[in-house]
S.K.: 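Here it is, the structure in full.
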Amino acid sequence: MNAIVVTPTYNERENLEEFVTRVRECAPGLRILVVDDNSPDGTGAIADELSRRYPGDVMVLHRPCKEGLGRAYVAGFARALEGGYDYIVQMDADLSHDPRYLPALLERIETADLVLGSRYIRGINVVNWDFKRLILSKMATRYAQIVTGMPFTDATGGLKCWRRQALEAIDLNGLFSNGYLFQIETTYKAYRRRFRIAEVPIVFYERNLGRSKMDLRIILEAVWGVVRLRLRR
Ligand SMILES: Nc1nc2c(ncn2[C@@H]2O[C@H](COP(=O)(O)OP(=O)(O)OP(=O)(O)O)[C@@H](O)[C@H]2O)c(=O)[nH]1
Ligand SMILES: [Mg+2]
């Protein structure tokens, strides 16, 4: 299968090597593209080391400064499309997304255009989140469902697999969002264009190592951004 996983990193030195090792174990043959925003902790150099260790399998895109998750993904997706990959997975590097779900994602994409990993298909599958965080996430999904009309159970999840044609169709350079909203916006654009969107159940593990980059700005972007999405059509 001609597939690649794009993973953005910012200060993930404690996680990246294990991430790469586990992805290679769980999905042999899947290429890895690390998109590092010049992490001060030296993640970029670790990524380079991994790409020397696994030539052709691990690639690195270095960007000069931190511009947020959305911009990193747009750059990584563009690189993946240029590289001619048929399937493009997006995944956090902090091991919140367990690589063991990769086979299910890659299997499901054979009959879909976009597959979403969902924490909420069967109850709540989140490990190590406090109540506040969980309520925030559930409310975000409900809010996005109401405003956009999308039926999916997990609107802000970051583990997804794209069929190339769907990713090409959503006009990456026209995306305006960057934080959690980025996940909603990209799914919504595929939904509006009537691509086949499927969900597979996953368990989400809050990171053990390193720091979360979530902040109030990201939340506020999502609150008004969902409305903006809807108004734009
Ligand atoms: N290249 C790049 N990667 C980023 C940026 N912000 C976050 N990331 C990466 O995106 C992934 C998700 O970021 P997290 O910090 O885990 O943010 P989150 O998942 O929203 O928050 P938590 O669930 O609390 O960890 C991780 O692999 C981060 O290293 C950024 O500005 N640039
Ligand atoms: Mg995380």
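Since the model is a prediction, treat every value here as computed from it, not as a measurement. We count ligands from 1, going down the list as the structure has it; atoms in each ligand are counted the same way.
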S.K.: Using a 4.0 Å heavy-atom threshold (strictly under), name the region of V35 that reaches ligand 1: side chain, backbone, both or neither.
M.R.: backbone

S.K.: With a cut-off of under 6.0 Å to the ring centre and 45° to the axis, is R24 in cation-pi contact with Y54?
M.R.: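 Verdict for Y54: a cation-pi partner in R24.
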
S.K.: What protein heavy atom sits nearest atom 20 (O) of ligand 1, and how far away is it?
M.R.: Y180 OH, 3.1 Å

S.K.: According to a 4.5 Å side-chain heavy-atom criterion applied to Ile, Leu, Val, Met, Phe, Trp and Tyr, with indirect links allowed, do L114 and Y120 form part of one hydrophobic cluster?
M.R.: no

S.K.: Please state which protein non-hydrogen atom is closest to atom 16 (O) of ligand 1 and give its distance, to 0.1 Å?
M.R.: D94 OD2, 2.6 Å

S.K.: Do me a favour and list the nearest non-hydrogen protein atom to atom 10 (O) of ligand 1 with residue, atom name and distance?
M.R.: L69 CD1, 3.0 Å

S.K.: Quick one: look up the protein heavy atom nearest atom 9 (C) of ligand 1 and list residue, atom name and how far away it is.
M.R.: P8 O, 3.4 Å

S.K.: Under 4.0 Å between a Lys/Arg side-chain N and an Asp/Glu carboxylate O for R164 and D86?
M.R.: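 A salt bridge is absent here (no side-chain N lies under 4.0 Å from a carboxylate O).
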
S.K.: Do any protein N, O or S atoms sit under 2.8 Å from the Mg ion (ligand 2), and which ones are they?
M.R.: D94 OD2

S.K.: Other hydrophobic cluster members with I135, side-chain heavy atoms of Ile/Leu/Val/Met/Phe/Trp/Tyr under 4.5 Å, chained?
M.R.: F131, M139

S.K.: Please answer: with hydrophobic residues joined when any side-chain heavy atoms are less than 4.5 Å apart, are Y205 and V89 in the same cluster?
M.R.: yes

S.K.: Is it the case that ligand 1 has an N or O less than 3.5 angstrom from some N or O of A93?
M.R.: yes

S.K.: May I ask you to test the M91-P99 pair for a side-chain heavy-atom distance under 4.5 Å?
M.R.: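 Counting from C-beta outward, M91 and P99 do come under 4.5 Å.
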
S.K.: Are V35 and W162 co-members of a hydrophobic cluster defined by side-chain heavy atoms under 4.5 Å apart?
M.R.: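 Same hydrophobic cluster.
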
S.K.: Which residue holds the protein heavy atom closest to atom 14 (P) of ligand 1, what is that atom called, and what is the gap in Å?
M.R.: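 The closest one turns out to be R207 NH2, 3.4 Å.
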
S.K.: Same cluster or not: V126 versus V200, using hydrophobic residues (I, L, V, M, F, W, Y) connected whenever any side-chain heavy atoms lie under 4.5 Å apart?
M.R.: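 In one cluster: no.
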
S.K.: Mind running side-chain contact (heavy atoms from CB on, under 4.5 Å) on T148 and Q145 for me, showing each step along the way?
M.R.: CA-CA 5 Å; T148 66; Q145 280 174 341; 5.7 Å; no

S.K.: Using side chain to side chain contact (heavy atoms under 4.5 Å, CB included) as the criterion, list what pairs up with S51, not counting sequence neighbours.
M.R.: V58, V60

S.K.: Assign the ring pair F176 / W224 to parallel, tilted or perpendicular, where the plane angle (0 to 90°) is split at 30° and 60°.
M.R.: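 Plane angle under 30°, so parallel.
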
S.K.: In the protein, which heavy atom is nearest to atom 17 (O) of ligand 1, and how far is it?
M.R.: K213 N, 4.0 Å

S.K.: One pair to check against side-chain contact (heavy atoms from CB on, under 4.5 Å): V74 and N173. What are the steps and the verdict?
M.R.: CA-CA 7 Å; V74 167; N173 293 320; 4.2 Å; yes

S.K.: Would D36 count as a polar contact of ligand 1, with the cut-off being nitrogen or oxygen pairs under 3.5 Å?
M.R.: no

S.K.: Going by the order shown, which atoms of ligand 1 are within less than 4.0 Å of some heavy atom of K66?
M.R.: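 Heavy-atom distances to K66 below 4.0 Å select 5 (C), 6 (N), 30 (C), 31 (O).
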
S.K.: For a side-chain hydrogen bond (donor to acceptor under 3.5 Å, both in side chains) check, start with the C-alpha distance between T43 and T9, then their side-chain angles and the critical distance, and finish with the verdict.
M.R.: CA-CA 7 Å; T43 301; T9 55; 5.4 Å; no

S.K.: Atom 19 (O) of ligand 1: which protein heavy atom is closest, and how many Å away?
M.R.: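 Result: D92 OD2, 3.5 Å.
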
S.K.: Decide side-chain contact (heavy atoms from CB on, under 4.5 Å) for Y143 and V223; before the verdict, give the C-alpha distance in whole Å, the side-chain angles of both, and the deciding distance to 0.1 Å.
M.R.: CA-CA 8 Å; Y143 175 68; V223 172; 4.1 Å; yes

S.K.: Under 4.0 Å from any heavy atom of A72, which atoms of ligand 1 are there?
M.R.: 1 (N), 2 (C)

S.K.: Can you find a non-hydrogen atom of R71 under 4.0 Å from ligand 1?
M.R.: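 Outside the 4.0 Å threshold, so no.
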
S.K.: Just need the protein heavy atom nearest to atom 22 (P) of ligand 1, so name the residue and atom and give the distance.
M.R.: S212 OG, 3.3 Å

S.K.: Using a 4.0 Å cut-off to any heavy atom of Y10, which atoms of ligand 1 qualify?
M.R.: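 Reading through ligand 1 atom by atom, the close ones are 3 (N), 4 (C), 5 (C), 29 (O).
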
S.K.: Can you tell me if G68 contacts ligand 1 (heavy atom of the residue under 4.0 Å from the ligand)?
M.R.: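 Within the 4.0 Å threshold, so yes.
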
S.K.: Keeping to residues at least two apart or across chains, list the side-chain hydrogen bond (donor to acceptor under 3.5 Å, both in side chains) pairs with something in residues 66-83.
M.R.: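 Counting only pairs at least two positions apart or across chains, the side-chain hydrogen bond (donor to acceptor under 3.5 Å, both in side chains) contacts touching residues 66-83 are R63-E67.
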
S.K.: Could you tell me which atoms of ligand 1, counted from 1 in the order shown, lie closer than 4.0 angstrom to a heavy atom of E12?
M.R.: 26 (C), 27 (O), 28 (C), 29 (O)

S.K.: At under 4.0 Å between heavy atoms, is it the side chain or the backbone of T9 that contacts ligand 1, or both, or neither?
M.R.: backbone

S.K.: Regarding T153 and R122, is there a side-chain donor-to-acceptor distance under 3.5 Å anywhere?
M.R.: no

S.K.: Give the atoms of ligand 1, by number and element, whose distance to some non-hydrogen atom of D37 is under 4.0 Å.
M.R.: 1 (N), 2 (C), 30 (C), 31 (O), 32 (N)

S.K.: With nothing but distance in play, are any N or O atoms of R133 less than 3.5 Å from an N or O of ligand 1?
M.R.: yes

